[in-house]
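Inspection log for the structure reproduced underneath, given as structure tokens.
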Amino acid sequence: MSLAGEDLINIRRDLHKIPELALKENKTHEYLKKAINDFPQEFLEVKEFPELPTALFVHINGSNPKRTIGYRADMDALPVTETNDLYYRSVHPGVMHACGHDLHMTVALGLISYFAENQPTDNLMFFFQPAEESESGGKQAYDLGLFSGKYKPDEFYGLHDNADLGTGIIGCRNGTLFAGTTEVNVTIHGMSGHAAYPHKANDAVVIAANFIEQVQTIISRSIDPVKCGVITFGKLEAGTIRNVIAGKARIEGTVRGLNQQMIEYIRQRIVDVAKGLEVSFNCTIDVEFNQGGYYPVENNPELTKNFIDYMSNAKDVKFQETEPAMTGEDFGYLLSKFPGTMFWLGVASPGALHSVDFLPHEEAIIDGVNAIEGFLKYRMSM
Ligand SMILES: CC(=O)N[C@@H](CCC[C@H](N)C(=O)O)C(=O)O
């Protein structure tokens, strides 16, 4: 590899300090551009698009190309306040790389730096993607037609770090790797009033509590126990002060299933529950869903078999076959358009993904670059 392990760790720390939310990845974009500008430029072309200004595309000319191999790294962070006591902790209050996208970008930079010095035989295309956590940056790029010409991959790869896998382990499976998700927003319209006169109001807090409880029974009582689904409400807002009955409540959540049929079934049952509560509480409940590009992540059978064959036989690569996970990814949308493979990179974090104390083992970056560099060379030899 061209960037040394220590360089990669420093890059990841720099990126970790400047986390930015979806579609606001401006400093991150500038940092990546500058880093790529320091690599040998002979085979490289960097492309920006005003329609999706924080995205960054890099093309590396192959010496005798049979195909263009795409590689995607996501860029955005989460509205989470980091509790890790690190000299490189986030300098952006309330925003944290709690999902490891700083590490994903660093792995991609490691690969670019290697192939900028060692011309690949096939063309390589790197897509630094804004907005994975929300707003579906991958879908936006596709719908804007940005994957065209030199930037159209014949096959597409991408990784996600995994807090529960040992450091540097590559995890993958054929078929469905991640769930499809749908964001759900619920607004409950009751009637505000004095805390002492509940009969003259319609308490949106009580309705919200009933809604949340009843919706959870969809998972426990409505779906076949040997199949699976998840409904999580991560945000609930209602009321202004203890002695005023809230007239309105807003609930935001996410619905997940390993196939589209399950997602649609759960969505329908949520609507049914809302309709029932409208009658029983004499209120109005608006329910909105937004799937965006968060389709189930379906790995391509042939390419993924090839990927697993390489990773499980390569000397110096630790590989583990993994189960499907209920995490979501808009790479699922891109894999519905281009064949490819998504895989895990183990980072053995004591804190879970999306938590305030997520702390990946950085050595995984070096293992990741080595494993993927080896795989790309193997793939290009075919
Ligand atoms: C890997 C990961 O954590 N991805 C996110 C994707 C978010 C999907 C969407 N905004 C939703 O919440 O449904 C995840 O939460 O799994």
Side-chain angles (χ1 to χ4, degrees), residues 19 21-25 72-80 95-105 107 129-141 157-165 171-173 176-186 215 218-219 228-236 250-260 262-264 266-267 270 287-299 322-336 341-347 349 351-360 364 368:
L21 296 177
L23 302 176
K24 295 185 179 144
E25 306 92 343
R72 172 274 210 165
D74 41 9
M75 304 164 74
D76 56 324
L78 285 159
V80 167
V95 186
M96 176 188 174
H97 269 301
C99 201
H101 299 185
D102 47 349
L103 190 142
H104 301 175
M105 292 182 276
V107 170
Q129 182 203 304
E132 183 276 326
E133 297 291 353
S134 58
E135 312 289 345
S136 312
K139 179 176 188 299
Q140 289 197 38
Y157 299 88
L159 72 75
H160 204 289
D161 58 332
N162 186 320
D164 300 323
L165 265 187
C172 191
R173 75 187 302 274
T176 309
L177 186 75
F178 288 0
T181 81
T182 294
E183 293 172 1
V184 51
N185 295 326
V186 181
V215 163
I218 296 171
I219 301 300
C228 60
V230 174
I231 307 169
T232 293
F233 294 114
K235 189 169 170 187
L236 165 62
R250 164 107 176 156
I251 310 171
E252 294 179 8
T254 172
V255 169
R256 288 148 193 242
L258 291 176
N259 56 57
Q260 208 51 31
M262 177 60 79
I263 294 168
E264 275 154 29
I266 296 174
R267 277 163 40 161
I270 290 176
V287 183
E288 289 162 10
F289 297 106
N290 174 29
Q291 180 155 19
Y294 298 90
Y295 290 9
V297 173
E298 301 286 356
N299 279 337
T322 49
E323 293 296 315
M326 298 309 278
T327 33
E329 253 289 351
D330 71 337
F331 198 56
Y333 187 81
L334 295 180
L335 289 187
S336 76
T341 302
M342 177 147 230
F343 54 97
W344 293 108
L345 173 63
V347 295
S349 168
L353 284 172
H354 290 198
S355 69
V356 292
D357 57 351
F358 177 64
L359 190 59

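Counting convention: from 1, in listed order, for ligands and their atoms alike.
A heavy-atom separation below 4.0 Å is found between Arg256 and ligand 1.
Checking only distances, Thr254 does come within under 3.5 Å of ligand 1, N or O to N or O. Remark: ligand 1 and Glu132 share an N or O pair separated by less than 3.5 Å (distance only, no angle test). Taking any N or O of Thr181, backbone or side chain, at least one lies under 3.5 Å from an N or O belonging to ligand 1.
Atom 3 (O) of ligand 1 has as its closest protein heavy atom His354 NE2, 2.9 Å. For atom 4 (N) of ligand 1, the closest non-hydrogen atom on the protein side is Gly328 O, 2.8 Å. Looking only at protein heavy atoms, the nearest one to atom 5 (C) of ligand 1 is Glu133 OE1, 3.4 Å. Annotation: atom 9 (C) of ligand 1 to nearest protein heavy atom, Glu183 OE2, 3.5 Å.
Residues Asp161 and Phe358 meet the side-chain proximity criterion, which asks for heavy atoms closer than 4.5 Å.
The two atoms that bring Leu177 and Trp344 nearest to each other are CD1-NE1, 4.1 Å, heavy atoms only.
Ion pairing between a basic and an acidic side chain is recognised when a charged N comes within 4.0 Å of a carboxylate O; Glu329 and Arg72 show such pairing.
In terms of modelled atom types and a separation under 3.5 Å, the side chain of Asp357 and the main chain of Gly351 share no donor-acceptor contact. Between the side chain of Tyr295 and the backbone N or O of Leu334, no donor-acceptor pair lies under 3.5 Å.
Note on ring orientation: taking the six-membered ring where Trp is involved, the planes of His101 and His160 are perpendicular (angle over 60°, cut-offs 30° and 60°).
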(request) Test Glu298 against Thr176 for side chain to side chain donor-acceptor pair (under 3.5 Å), laying out the working first. (result) CA-CA 4 Å; Glu298 301 286 356; Thr176 309; 2.9 Å; yes
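Ligand-side atoms of ligand 1 in range of His160: 1 (C), range being under 4.0 angstrom from any heavy atom.
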